[in-house]
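A quick write-up on the structure given underneath.
Residues: numbered from 1 along the sequence shown.
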Amino acid sequence: MQQPGNSLRLRRPGRVRWWIVWTLFISTVTNYISRQTFSLVVPMISAQYHLTNTDLGKIFAAFQVSYAVTWLLGGIFLDAVGTRVGLAVAVVFWSVVNILTGFASTVFGFASFRFLLGIGEGFNWPGASKTVAEWFPARNEASRWPSSTAAPALEEPWRRCLFR
């Protein structure tokens with residue numbers, strides 16, 4: 001506890017913690033939406049750019065490879081720069097890559113941007129896991145994870161509602 005004469009004030013950790021959980025939730029929902037949107041527009045992109053199934057396989061594989069590698073090694077980067085900075089950089093990075101994907105017109109272009117998207121989005125889970133572990137005591141473990149990991153459960157209903 002701080003001394004009364006100290007000008008710094010502590011914020012209530014409970015409120016800050018739940019704000020962090022909701023920020024992670026929104027970040028994860030955005031992550032899933034941006035990842036799945038490409039799959040939904042593949043029929044139109046394939047027709048417009050004459051992409052074959054082999055081309056689409058290369059594009060999807062580029063994302064999967066970079067996502068998996070970043071998911072495994074992303075924690076090292078996040079430990080070095082901190083979770084706040086690391087997740088902020090990742091969100092900005094994957095947002096910019098999503099925007100730039102609209103300028104792709106070749107298999108190489110789509111695969112390159114999907115590869116970069118996998119790198120950016122691969123930081124989400126290691127960062128979210130570390131953030132929740134840092135901000136929530138072990139006694140709150142049952143309540144902390146469902147709030148921050150509910151995004152995958154929302155993915156399918158979201159797609160069904162918007163893309164029937």
Side-chain angles (χ1 to χ4, degrees), residues 16 18-135 144-164:
V16 173
W18 288 107
W19 183 85
I20 290 170
V21 166
W22 282 107
T23 302
L24 291 173
F25 174 78
I26 291 168
S27 170
T28 304
V29 168
T30 304
N31 186 298
Y32 273 86
I33 289 171
S34 72
R35 183 179 322 159
Q36 296 303 320
T37 303
F38 187 78
S39 299
L40 296 171
V41 297
V42 157
M44 293 173 276
I45 291 172
S46 294
Q48 183 175 352
Y49 296 108
H50 309 291
L51 302 176
T52 66
N53 287 339
T54 303
D55 295 336
L56 293 173
K58 292 174 186 175
I59 294 167
F60 287 121
F63 175 86
Q64 291 297 331
V65 167
S66 65
Y67 183 79
V69 170
T70 305
W71 209 32
L72 292 172
L73 302 176
I76 297 167
F77 172 76
L78 293 170
D79 286 341
V81 301
T83 50
R84 182 184 299 185
V85 171
L87 282 175
V89 168
V91 169
V92 169
F93 182 79
W94 90 54
S95 298
V96 169
V97 169
N98 263 326
I99 292 167
L100 294 176
T101 302
F103 297 104
S105 60
T106 64
V107 174
F108 179 77
F110 283 116
S112 298
F113 287 124
R114 293 296 290 179
F115 184 85
L116 293 172
L117 183 67
I119 291 172
E121 290 189 358
F123 286 106
N124 190 65
W125 282 109
S129 300
K130 184 176 179 181
T131 301
V132 170
E134 289 174 346
W135 280 88
R144 68 184 183 178
W145 281 108
S147 301
S148 64
T149 60
L154 297 175
E155 174 192 351
E156 186 59 30
W158 174 82
R159 280 199 296 173
R160 287 179 186 226
C161 288
L162 295 178
F163 299 100
R164 284 189 173 209

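- Put simply, the side chain of Thr131 reaches to within 4.5 Å of the side chain of Leu87, judged on heavy atoms.
- Open room surrounds CZ on Phe108; 12 or fewer heavy atoms of other groups in view lie less than 6.0 Å from it.
- Contact of the Val91 side chain with the Trp94 side chain is registered, since non-hydrogen atoms from C-beta on lie closer than 4.5 Å.
- Under the side chain to side chain donor-acceptor pair (under 3.5 Å) criterion, Thr52 pairs with Asp55, not counting sequence neighbours.
- With sequence neighbours excluded, the residues that form a side chain to side chain contact (heavy atoms under 4.5 Å, CB included) with Ser46 are Val42, Leu51, Leu56.
- Taking the ring centroids of Phe123 and Phe77, they lie under the 6.0 Å cut-off.
- Here the closest non-hydrogen pair linking Gly120 and Ala90 is O-CB, 3.6 Å.
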The test is side-chain contact (heavy atoms from CB on, under 4.5 Å); show your working for Glu121 and Phe63 and say whether it passes. CA-CA 10 Å; Glu121 290 189 358; Phe63 175 86; 3.7 Å; yes
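- Ring pair Tyr49/Phe110: centre-to-centre distance below 6.0 Å.
- Between the side chain of Thr70 and the backbone N or O of Gly122 there is no donor-acceptor pair closer than 3.5 Å.
- For Asn124, the side chain to side chain donor-acceptor pair (under 3.5 Å) criterion is met by Ser27, Thr28, not counting sequence neighbours.
- Cation-pi geometry between Arg114 and Tyr67 is not satisfied (NZ or CZ under 6.0 Å from the ring centre, within 45° of the ring normal).
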